[in-house]
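Counting starts at 1 for both ligands and their atoms, following the listed order.
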Amino acid sequence: MSCQPKKIIIAIDGYSACGKSTFAREIAARLGYIFIDTGAMYRAVTLYGLRHGALHDGQVDEAALVALLPEVQISFAFNPERGASDVILNGENVERQIRSLEVSEYVSRVSQIAAVREKLVDMQQRMGEQKGVVMDGRDIGTVVFPKAELKIFMTADPAVRAQRRYAELQAKGQPSSLEEIAANLRERDAADEHRAISPLRKAPDARVLDNSHMSVAQQMEWVMGLIDELCR
Ligand code: DC
């Protein structure tokens, strides 16, 4: 990068399995910014609900979960091995547990609850007060930071996304069928786009990044060009 802009907020929104977190982490590393994965925060609340009986047998007891919310404290701690921050729930590192299939199955419904969103959006806004953050999620450019200096909306061909997630799970030794993965992505896209509160939308001033046929290096070149423009 040829110039160092004043600290800004970079908001990255988009569909599931588009590589948002990988991209956001890489940008944060290049700029020396803090990377905040807001999906991990919704997952941490979901884990807490599972552990305390508000979510079970496929049911979400909304009143019980909302009653638990004051007990939920979420923070992040940098993990040098991953080059990213792990999520800390009430003092416990739960980065691995929040990625379980069980959490993935409930999290879309948990993220539709107004009181959950209110609490997490408020935390996210406080995390961004000093700027110098790259935050990824579904409503960052529209609700959390509508005035973010740079907004990116990520998308990719659903078949490419399914294939990437398939390869990722294979590499982790958790094979799953390509058709199952594609169906799960379709469901999550629909849930994110059609929910009543803060649905997934491109902010009018967001730049679209379709990375179906782009490497991470090409995506970085594109975004660094935009960041360079911002400091002219
Ligand atoms: O990015 P992810 O798949 O880890 O997100 C988990 C869930 O949280 C996903 O179903 C959408 C929801 N989410 C949200 O509603 N708003 C955000 N800012 C981030 C995630």
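Looking only at heavy atoms of the protein, atom 16 (N) of ligand 1 is closest to R117 NH2, 3.0 Å. Nearest protein neighbour of atom 10 (O) of ligand 1, counting heavy atoms only, is S108 OG, 3.3 Å. Distance from atom 3 (O) of ligand 1 to its nearest protein heavy atom, with residue and atom name: R188 NH1, 3.1 Å. Closest to atom 7 (C) of ligand 1 among all protein heavy atoms lies V107 CG2, 3.6 Å. From the protein, the heavy atom lying nearest to atom 5 (O) of ligand 1 is G39 CA, 3.5 Å. Scanning the protein heavy atoms around atom 6 (C) of ligand 1, the nearest turns out to be R43 NE, 3.8 Å. When hydrogens are left out, the protein atom nearest atom 2 (P) of ligand 1 is R138 NH2, 3.7 Å; that is the closest non-hydrogen contact.
Neither side chain, R161 nor N211, offers a donor N or O lying under 3.5 Å from an acceptor on the other. Between the side chains of R138 and Y15, no donor N or O sits under 3.5 Å from an acceptor N or O.
By the criterion of a heavy-atom distance under 4.0 Å, the side chain of D192, and not its backbone, is placed next to ligand 1.
Between W222 and F23, the ring-plane angle classifies as tilted under the 30° and 60° cut-offs.
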List the steps, then state whether side-chain contact (heavy atoms from CB on, under 4.5 Å) holds for Y33 with I27. CA-CA 8 Å; Y33 277 20; I27 298 171; 6.0 Å; no
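With contacts defined as side-chain heavy-atom distances shorter than 4.5 Å, the pair K151/D13 does not qualify.
Remark: ligand 1 and T38 share an N or O pair separated by less than 3.5 Å (distance only, no angle test). Backbone and side-chain nitrogen or oxygen atoms of Y42 are examined, and none is located within less than 3.5 angstrom of a nitrogen or oxygen of ligand 1. Checked against a 3.5 angstrom limit, the closest N/O atoms of R195 and ligand 1 fall inside it. Polar contact with ligand 1: absent for S16 (N/O pair, distance under 3.5 Å).
Annotation for ligand 1: atoms under 4.0 Å from non-hydrogen atoms of S111 are 12 (C), 15 (O).
Between R82 and D86 there is a salt bridge, with a side-chain nitrogen of the basic residue lying less than 4.0 Å from a carboxylate oxygen of the acidic one.
Panel note: side chain D139, backbone T142; no donor-acceptor pair is recorded below 3.5 Å.
With V223 as the partner, the side-chain contact (heavy atoms from CB on, under 4.5 Å) test is satisfied by one option alone out of D228, L209, L150: L150.
The minimum heavy-atom distance linking I98 with R43 is given by the pair O-NH1, 3.2 Å.
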